[in-house]
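Note sheet for the following structure.
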Amino acid sequence: MWTLNAFPPNPPLPPKKPLKPKPLLLHSLSKSGHLDEALSLLLKSHPPIPPTTNLEAYSHLLHSFITHKSLRHGELLHRHLLHSTPSLLRHPLIKSKLITLYSVCARIESARLVFDEDDDDEPSWTAMVVAFSKNGLHEDSLSLYAGNASWRSDFADSAVLKSCSVLSAVRLGRAVHARVLKSAREPDQVVLNALVRLYVKCGTLDEALKAFDGMPQRNVVSWNSLLSGFVDRGFFIECLDLFRRMQIESSVGFSWVTLTTVLSACSQITALYNGREVHAQMVKSREEPDIVVLNSLMDMYAKCGVVEYCERVFRGMGGHDLTSWNTMLTCYAINGCARDALELFDEMVGRGVGVKPDGVTFVALLSSCAHAGFVDEGRRLFDRMDVEFGVRKKVEHFACLVDLLGRAGLIDEAFEVAEKMPMRPGGSVWGSLLNSCRLHGDVKLGEIAAMRLFEIEPNNAGNYVLFSNMFARERMWEEAEKVRVAMEEKGLKKEVGRSWVQVGSRIHSFVAGGGVSFRSSSEYKKVWEELVEAMEREGYVPDTDVVLHDVDEGTKAEWVCGHSERIAVVFGLVNSGDGIPIRIMKNLRVCDDCHNVMKVVSKVTRRLIVMRDTNRFHHFRNGACSCGDFW
DNA sequence: ATAGGGTTAG
């Protein structure tokens, strides 16, 4: 590299030579990204480039335009060809590259026009199948592919398999699979990976594992395909196990995509320990992590309730995209840090940041305000979001506003919003109103909200549970029971309550009413008896009347046998040392009684209990919960 | 050198 001081003395000027438009020069210009120069060299050269080299020259140029996604240059060249040598547009090489160029520039209609112009050829057909798939026109990809039985290419196969997995078109996927197997050639790695993704997404797990284990070799994408499929299907523990297996038996290492996927699994089951391990891997790899994996890392800490680490990652990363900001805001929202959320938003929309808030941003802000009872701030943000920030109000924002008002006890006003909003309210709005009525004991309005809710979501058992709990909270046992009976008569089953608890490096999962073997262990009994004693001293009275406990009558009275989070917390106490926080993830809303139990347990054991339920965190510390008993 | 695969926030 030259510095100013080291600049060498001027060399003698070489004799001036006329610039000749050699393909070599063209090539190096386009390769180095000088697209303007390359294009004008080609179009304006005198004498013109001989026709025999045109094809090669145009093809090089188009390739550069594709890699630079330069629509402008591509269109210029396209127009030039139309005027000068339209015959070249029919050449498979040129035609397929033009299709690809339009595809990578998201101009699918232009690509389609180029394709439809003339007779098909295999390269253009392939490019078009890929183009449809890449641009989300999966049906078109399928029908173009299926409409041609004679052509086959690995590129078309992998693209159409991707579309098949999006559309769950397993039948066509299997047909492609059969073609691949029948072909004389070695199956292509990318196609095999796409098959794994297809089967894990919409086949049986057996089929997916068979496809995976049957591969002659597996690269990092093969592993990632299976890992991300597990996450899609909710097999989080399987994802973590597979990641472990990947590190032990595979020499392919991992990519940021691997870690992003694993982190997403961690955050969905609050697997903080595993998430930390992934974080350590990132640090150890000494590579610069990309923004996607850093965002996922933030999300993992956020969903595990470790706000401070989420902040640390956020502050330490090189730059922030919209997702980074939204993840940080969401972290504050679900962890009950409304003040921090509002401050961060000011920073986000301040000078020089360069991101624009979107709908997600305002969901985070409005729900922060709702949880904290910041009615005025929330209302103001709701008013500002479209006029000041140009973000269109959608149904979820109205739902947040209704939640904000309803939680604060302004139930009439919340109802008015629900009834006057410009779109159909939807289940989330009436559901949130019903929850507000439950919180404030407004049984009359609660009944109205419930009726609206049942019209929209007649088969959602969770709504009946909420409705019944509203009565139960008011000690209206008969009504609560009636709702429960109505639910059973409709054949609706409450989703099985499930909790996950982290102990050491492992996640353990417990089902409501289940966990028999652990519950009959002597350690469990000992801890349980101690807890009952301590809790009685604290004045805790088990609420055995709470209906809809998802256990049978006989065990209802045994407080510790019912809900999965209770089993999980005792398991955590038994299996972790003094002072170690216990982290629980729950798939349903926590009930009043369990919430009381957790508060007392946190006090008598002096442990921090962090519990995530379907929509927020509860940090139980010394007998109190961060949610202020408001959820 | 015609072109491809796996990923994050509500």
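First the proteins, then the strands, lettered A, B, ... as listed; each starts at 1.
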Residues A/Lys210 and A/Glu207 bridged, charged N to O under 4.0 Å: no
Atom-to-atom span, CE of A/Met128 to C1' of B/dT2 - whole angstrom: 15 Å
Does B/dG4 have OP1 or OP2 under 4.0 Å away from a side-chain N or O of A/Arg197? no
Can A/Phe235 and A/Leu205 be said to form a side-chain contact (heavy atoms from CB on, under 4.5 Å), step by step? CA-CA 10 Å; A/Phe235 299 120; A/Leu205 276 197; 3.5 Å; yes
Do A/Ser296 side-chain and B/dT8 base share a donor-acceptor contact under 3.5 Å? no
Centroid distance under 5.5 Å and plane angle under 30°, A/Phe155 vs B/dA3: yes
Please classify the nucleic acid contact of A/Asp188 as base, sugar-phosphate, or nothing, using heavy-atom distances under 4.0 Å. base
What is the nucleic acid contact for A/Asp121, judged by heavy atoms within less than 4.0 Å: base, sugar-phosphate only, or nothing? nothing
Is it the case that the side chains of A/Thr327 and A/Asp299 hold a donor-acceptor pair, with the cut-off being a distance below 3.5 Å and no angle test? no
Within residues 318-341 of chain A, which residues have any heavy atom lying less than 4.0 Å from an atom of DNA chain B? A/Thr323, A/Asn326, A/Thr327, A/Thr330
Ranking B/dG6, B/dG4, B/dA9 by distance to the side chain of A/Ser158, first place goes to B/dG4
Counting the atoms with a prime plus P, OP1 and OP2 as sugar-phosphate, which does A/Ser96 contact under 4.0 Å by heavy atoms, base, sugar-phosphate, or nothing? base
Winner on side-chain proximity to A/Thr260, out of B/dT7, B/dA3, B/dA9, is B/dT7
Does the side chain of A/Lys162 get closer than 4.0 angstrom to OP1 or OP2 of B/dG6 through an N or O atom? yes
Take atom CG of A/Asp232 and atom C1' of B/dT8, then tell me their distance rounded to the nearest Å. 13 Å
Compare the minimum distances between each of B/dT8, B/dT2, B/dG4 and the side chain of A/Val190, then state the nucleotide with the smallest one. B/dG4
With stacking defined as ring centroids separated by under 5.5 Å and planes differing by under 30°, is A/His63 stacked against B/dA1? yes
Per A/Lys134 side chain, nearest of listed nucleotides B/dG6, B/dT2, B/dG4: B/dG4
Would one find a side-chain N or O of A/His91 under 4.0 angstrom from OP1 or OP2 of B/dT2? no
Any base atoms under 4.0 Å from A/Lys303, or only sugar-phosphate, or nothing? Heavy atoms, all strands. sugar-phosphate
Cationic tip of A/Arg218 within the cone over A/Phe212's six-membered ring, i.e. under 6.0 Å and within 45° of the normal? yes
Who passes salt bridge (charged side-chain N to carboxylate O under 4.0 Å, His left out) against A/Asp154, sequence neighbours left out? A/Arg152, A/Arg185
Taking atom P of B/dG6 as reference, at what distance in whole Å does atom CG of A/Leu195 sit? 13 Å
So, is the end of the A/Lys95 side chain (NZ or CZ) under 6.0 Å from the ring centre of A/Phe115 and within 45° of the ring's axis? yes
Round to a whole Å and report the spacing from CH2 of A/Trp125 to P of B/dA3. 17 Å
In whole Å, I'd like the distance from the CZ atom of A/Arg90 to the P atom of B/dT2. 21 Å
Counting the atoms with a prime plus P, OP1 and OP2 as sugar-phosphate, which does A/Val293 contact under 4.0 Å by heavy atoms, base, sugar-phosphate, or nothing? nothing
Which residues pass the salt bridge (charged side-chain N to carboxylate O under 4.0 Å, His left out) test with A/Arg245, not counting sequence neighbours? A/Asp213, A/Glu249
List in numerical order all residues of residues 246-258 of chain A for which some heavy atom is under 4.0 Å away from an atom belonging to DNA chain B. A/Ser255, A/Val257
With a cut-off of under 6.0 Å to the ring centre and 45° to the axis, is A/Arg379 in cation-pi contact with A/Phe382? no
For A/His397, what residues pass the ring-ring contact (aromatic ring centres under 6.0 Å, His included) criterion, not counting sequence neighbours? none
Would you mind classifying the nucleic acid contact of A/Asp290 as base, sugar-phosphate or nothing, using non-hydrogen atoms under 4.0 angstrom? nothing
Set of residues satisfying side chain to side chain donor-acceptor pair (under 3.5 Å) with respect to A/Ser324, sequence neighbours excluded: A/Asn295, A/Asp321
Ranking B/dA9, B/dT7, B/dT2 by distance to the side chain of A/Val292, first place goes to B/dT7
What is the separation between atom CG on A/Leu62 and atom P on B/dA1, rounded to the nearest whole Å? 17 Å
NA contact type, A/Val363, heavy-atom cut-off 4.0 Å: base, sugar-phosphate, or nothing? sugar-phosphate
Between CD of A/Gln268 and C1' of B/dT7 the distance, given in whole Å, is 13 Å
For a quick check of understanding: with a heavy-atom distance under 4.0 Å over all strands, which category does A/Val191 fall into, base, sugar-phosphate or nothing? base
Answer yes when A/Lys393 and A/Asp386 have at least one side-chain N-carboxylate O distance shorter than 4.0 Å, and no when they do not. yes
Atom-to-atom span, CE of A/Met348 to P of B/dA9 - whole angstrom: 16 Å
